[in-house]
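For this chain, numbers begin at 1 and follow the sequence in order.
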Amino acid sequence: MPEQKTIPFVDLARQFRSIETELTQAFLDVGRSGGYIMGDRLESFERKAADFLGVAHALGVADGSDALFLILKALGIGPGDEVITATNSFIASAWVIVAAGAKPVFADVRDDFNIDPDSVRAAVTPRTRAIIPVHLTGRPAPMDEINAIAQSHGLHVIEDAAQAIGARYHGKRVGGLGIAAGFSLHPLKNLGVYGDGGLITTNDDKLAAHLRKLRNHGLRNRDECELWGFNSRLDTLQAAFAEIKLARLDAWNARCRQIASTYREGLKDFVQVPVDQDWEECVYHNFVIRTEQRDALMAHLKDKGVDTRIHYPIPIHLQDAAKDLGYKAGDFPQAERFAKTMISLPIYPELDDEQVSWVVEAVKSYFA
Ligand SMILES: *Cc1c(COP(=O)(O)O)cnc(C)c1O
């Protein structure tokens, strides 16, 4: 057995060091330019992000939650409306609906942790206005089925693409598969900046024009305010950093997919592993395994120096914040079972092959 290793769940400083010369230069350029809000550097990043994602418009905003919230506001979704989303997600997928004044309605998930179209169909009521499928772990949600349900009921589909920048569904990048999408540029996401950041994408020109005003106080220009808006912009500095990282995103995502494939091959005889279907390209924001012996395996991995997490230990419908919505344990059996059996293994482009095999051997040694 080689010497004991420590594998942190994330190591953001390692990636920072690998590009710090370029980041420093961007800091100097923006600093010396004297323009720190909006401007050319933001527009340049937005254009490159739109090209990368294959959409007509990309708009920088303050964070991923705001991206979703502003889309809901721009679509006029509010009091009296219902919006369906997955109960196994980060809490922001739901609170943005509440913040918009609407009611979140939850749906269960399938084996790949993504929203279950049957559960969505069962959740539609006359008040439903939109569906927010989450591309959880970086894997595209079943968009064809979701879009078909939406079409037959006249609903909007808003992608929560916070975890999935660069992922592909039938050859197309996520972000252009519904009316609009929200991405997060939080440091932990696949394209993370050095603070909070977010991105809205859409192919709808009118919606994009509306969102450009909404994120900037409702201003049509410097002096004229067309509508009541918000202050939710991506800082120029963060946009400059994001542009540097965007150029490397495909390579980083490819490395995550390679690590995922090593994990999958090494672990498939011991635990449930995520599998890629041939129409999708998951970017592995998380690599989530499942086992009935979750807590014991997690403790064993900790002893072996492998740091793990659970995404997410409490389904949203069972959170205290959701009490008033009237859900109870047992309502979404898949998500509830996964909450007790999931473990996220460390996965990021900077993990080297030795670390990856250490993780594989650490899991295997539990079952030995
Ligand atoms: C991170 C995340 C968000 C929120 O993004 P922030 O930039 O942190 O506001 C929303 N939905 C999902 C699924 C996320 O993982």
Before you tell me yes or no, could you show the steps for I7 and W358 under side chain to side chain contact (heavy atoms under 4.5 Å, CB included), namely the whole-Å CA-CA distance, both residues' side-chain angles and the distance that decides it to 0.1 Å? CA-CA 9 Å; I7 319 281; W358 179 270; 3.7 Å; yes
Give me the ring orientation class for Y312 and F90: parallel if the planes are under 30° apart, tilted from 30 to 60°, perpendicular past 60°. tilted
Side-chain contact test, heavy atoms from C-beta onward, threshold under 4.5 Å: evaluate it for D111 versus R290 and give yes or no. yes
Pair H135-N114, side-chain donor/acceptor within less than 3.5 Å: no
With heavy-atom distances below 4.5 Å as the criterion, would you say the side chains of S89 and I316 are in contact? yes
Got a salt bridge between R139 and D276, using NZ or NE/NH1/NH2 to carboxylate O under 4.0 Å? yes
If you count every heavy atom of other residues, nucleotides or ligands that lies below 6.0 Å from R14 atom CZ, does the total exceed 12? yes
Give a yes or no on whether Y366 atom OH has more than 12 heavy-atom contacts from other residues, nucleotides or ligands under 6.0 Å away. yes
What about the rings of F332 and Y327, do their centers lie closer together than 6.0 Å? yes
Is D331 paired with K328 through a side-chain N to carboxylate O contact shorter than 4.0 Å? yes
Check whether more than 12 heavy atoms from other residues, nucleotides or ligands sit under 6.0 Å from atom CG of D40, and answer yes or no. no
Taking the basic N atoms (NZ, or NE/NH1/NH2) and the acidic carboxylate oxygens, is any pair closer than 4.0 Å for D320 and K323? no
Heavy atoms, side chains only, cut-off 4.5 Å: are D81 and I97 in contact? no
Between L199 and A49, the two heavy atoms sitting closest are CD2-CB, 3.9 Å
Do the non-hydrogen side-chain atoms of T291 and T341 ever get within less than 4.5 Å of each other? no
When you check the gap from the basic side-chain N to the acidic O, do D250 and R248 get nearer than 4.0 Å? no
D66 and S232 side chains, donor-acceptor separation under 3.5 Å: yes
Is any side-chain N of the basic residue among D353 and R255 closer than 4.0 Å to the acidic one's carboxylate O? yes
Carboxylate-amine/guanidinium proximity below 4.0 Å for K5 and E354: yes
Strictly below 4.0 Å, N to O, side chains only: are E46 and R41 in salt-bridge contact? no
Per side chain to side chain contact (heavy atoms under 4.5 Å, CB included), L211 is matched among V61, L70, D204 by L70
Can you list the steps and then say if T201 with H57 is a side chain to side chain contact (heavy atoms under 4.5 Å, CB included)? CA-CA 6 Å; T201 55; H57 307 279; over 6 Å; no
Can you see whether N231 engages N216 through a side-chain donor-acceptor pair at a distance of less than 3.5 angstrom? no
Measure up the H317 and F106 rings against each other and bin them: parallel (under 30°), tilted (30 to 60°), perpendicular (over 60°). tilted
Please name the pair of heavy atoms, one in I71 and one in G182, separated by the smallest distance, quoted to 0.1 Å. CD1-N, 4.0 Å
More than 12 non-hydrogen atoms from neighbouring residues, nucleotides or ligands closer than 6.0 Å to CD on E20, yes or no? yes
Can we say E145 and R110 salt-bridge, meaning some charged N sits less than 4.0 Å from an Asp/Glu carboxylate O? yes
Pair F241 + F45: ring centers closer than 6.0 Å: no
Just to verify, which of T128, I115, V105 counts as forming a side chain to side chain contact (heavy atoms under 4.5 Å, CB included) with V120? I115
Do the side chains of S261 and R264 get nearer than 4.5 Å, heavy atoms only? yes
Under 4.5 Å between any side-chain heavy atoms of L234 and L185, yes or no? yes
Single-linkage hydrophobic cluster, 4.5 Å side-chain cutoff, I132 and W95 together: yes
Does K172 have more than 12 heavy atoms from other residues, nucleotides or ligands lying within 6.0 Å of its NZ? no
A side-chain contact here means heavy atoms from C-beta on lying under 4.5 Å apart; do L227 and L214 qualify? yes
Taking the six-membered ring where the residue is Trp, are the ring centres of Y194 and F16 under 6.0 Å apart? yes
Any side-chain donor near an acceptor of the partner, S344 and H311, under 3.5 Å: yes
Taking atom types as modelled and ignoring hydrogens, do the side chains of Q15 and K245 form a donor-acceptor contact shorter than 3.5 angstrom? yes
Pair L246, F52 - check side chain to side chain contact (heavy atoms under 4.5 Å, CB included), show working. CA-CA 8 Å; L246 181 64; F52 176 87; 3.9 Å; yes
With distance as the sole criterion, is a donor-acceptor pair present between the side chains of Q25 and D29 under 3.5 Å? yes
